[in-house]
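Here is the structure we will look at.
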Amino acid sequence: MKILVINGPNLNMLGIREPDIYGSDTYEGLCRLISEHAEKIGVETEIFQSNHEGCIVDKIQEAINKTDGIVINPAAYTHTSVAILDALKAVNIPAVEVHISDVSQREDFRQISFVRSYCKKTIAGHGFLGYLEAIDYLVKTAGE
Ligand code: DQA
């Protein structure tokens with residue numbers, strides 16, 4: 001099974017950006033955590049990060065027929081991007097939405113998620129562990 005993990009804008013700044021909200025662990029630490037977990041459970045992962053909406057759309061399109069599941073934290077694009085929602089719908093690959101912070105307890109503008117309507121599940125506020133839960137969920141529900 002192959003899972004693509006996509007991270008949107010400013011997530012490469014983890015460890016530096018707003019540590020009171022996102023913690024002090026780095027993006028490299030997140031990638032390591034995901035890779036180690038995936039290896040342990042026998043799942044192949046590719047981890048991708050971009051600050052650009054079109055690059056995220058391109059990456060989702062490229063996943064067609066190559067990927068069994070997508071874990072996506074679209075970051076700020078969660079709240080604005082119809083293009084990312086449409087790309088997920090186009091490839092029709094099972095996806096889980098992840099947020100490090102609990103967006104439901106934050107500003108009003110973070111209450112909208114365009115990708116949520118497509119994703120099989122949303123995990124928010126579980127920190128980096130949310131990515132591992134998302135991978136486990138995709139493995140558990142594969143083929144359903
Ligand atoms: C985030 C929440 C978003 O509102 C924000 O724009 C991010 C990160 C999260 O992981 O908690 O960049 O997706």
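Predicted, not measured: the structure shown is a model, and the values here were computed from it. As the structure lists them, so they are numbered: ligands from 1, and atoms in each ligand from 1. All values below come from the heavy atoms of this structure, side chains included, with hydrogens, waters and symmetry mates left out. All residue numbers refer to positions in the sequence shown, counting from 1.
Neither Leu4 nor Ile34 shares a network with the other; the hydrophobic side chains, linked directly or stepwise wherever heavy atoms of I, L, V, M, F, W or Y lie under 4.5 Å apart, form separate groups for each.
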Present, as a list of atom pairs with distances to 0.1 Å, all nitrogen or oxygen contacts under 3.5 Å between ligand 1 and the protein.
from: ligand 1; atom 1: 4 (O); to: His79; atom 2: NE2; distance (Å): 2.7
from: ligand 1; atom 1: 4 (O); to: Arg110; atom 2: NH1; distance (Å): 2.8
from: ligand 1; atom 1: 6 (O); to: Ala76; atom 2: N; distance (Å): 3.2
from: ligand 1; atom 1: 6 (O); to: Arg110; atom 2: NH1; distance (Å): 3.1
from: ligand 1; atom 1: 10 (O); to: Asn73; atom 2: ND2; distance (Å): 2.8
from: ligand 1; atom 1: 10 (O); to: Ile100; atom 2: N; distance (Å): 2.8
from: ligand 1; atom 1: 11 (O); to: Ile100; atom 2: N; distance (Å): 3.3
from: ligand 1; atom 1: 11 (O); to: Ser101; atom 2: N; distance (Å): 2.8
from: ligand 1; atom 1: 11 (O); to: Ser101; atom 2: OG; distance (Å): 2.6
from: ligand 1; atom 1: 12 (O); to: Arg17; atom 2: NH1; distance (Å): 3.1
from: ligand 1; atom 1: 12 (O); to: Arg17; atom 2: NH2; distance (Å): 3.1
from: ligand 1; atom 1: 13 (O); to: Asn73; atom 2: OD1; distance (Å): 2.8
from: ligand 1; atom 1: 13 (O); to: His99; atom 2: ND1; distance (Å): 2.8

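Environment of NZ in Lys2: crowded, with over 12 heavy atoms of neighbouring residues, nucleotides or ligands closer than 6.0 Å. Taking a 6.0 Å sphere around CD of Gln111, one finds it holds more than 12 heavy atoms contributed by other residues, nucleotides or ligands.
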Cut-off 3.5 Å, no hydrogens considered: what does the side-chain donor-acceptor table look like for residues 11-33, sequence neighbours left out?
from: Asn12; atom 1: OD1; to: Gln49; atom 2: NE2; distance (Å): 3.3
from: Tyr22; atom 1: OH; to: Arg106; atom 2: NH1; distance (Å): 2.9
from: Thr26; atom 1: OG1; to: Gly29; atom 2: N; distance (Å): 3.0

Could you pull out all donor-acceptor pairs under 3.5 Å where a side-chain atom in residues 120-129 meets a protein atom, sequence neighbours excluded?
from: Lys120; atom 1: NZ; to: Thr141; atom 2: OG1; distance (Å): 3.3
from: Thr122; atom 1: OG1; to: Glu97; atom 2: OE1; distance (Å): 2.6
from: Thr122; atom 1: OG1; to: Arg116; atom 2: NE; distance (Å): 3.4
from: His126; atom 1: ND1; to: Glu133; atom 2: OE1; distance (Å): 2.9
from: His126; atom 1: ND1; to: Glu133; atom 2: OE2; distance (Å): 3.0

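In this view, Glu53 and Ser81 satisfy the side-chain hydrogen bond (donor to acceptor under 3.5 Å, both in side chains) rule, not counting sequence neighbours.
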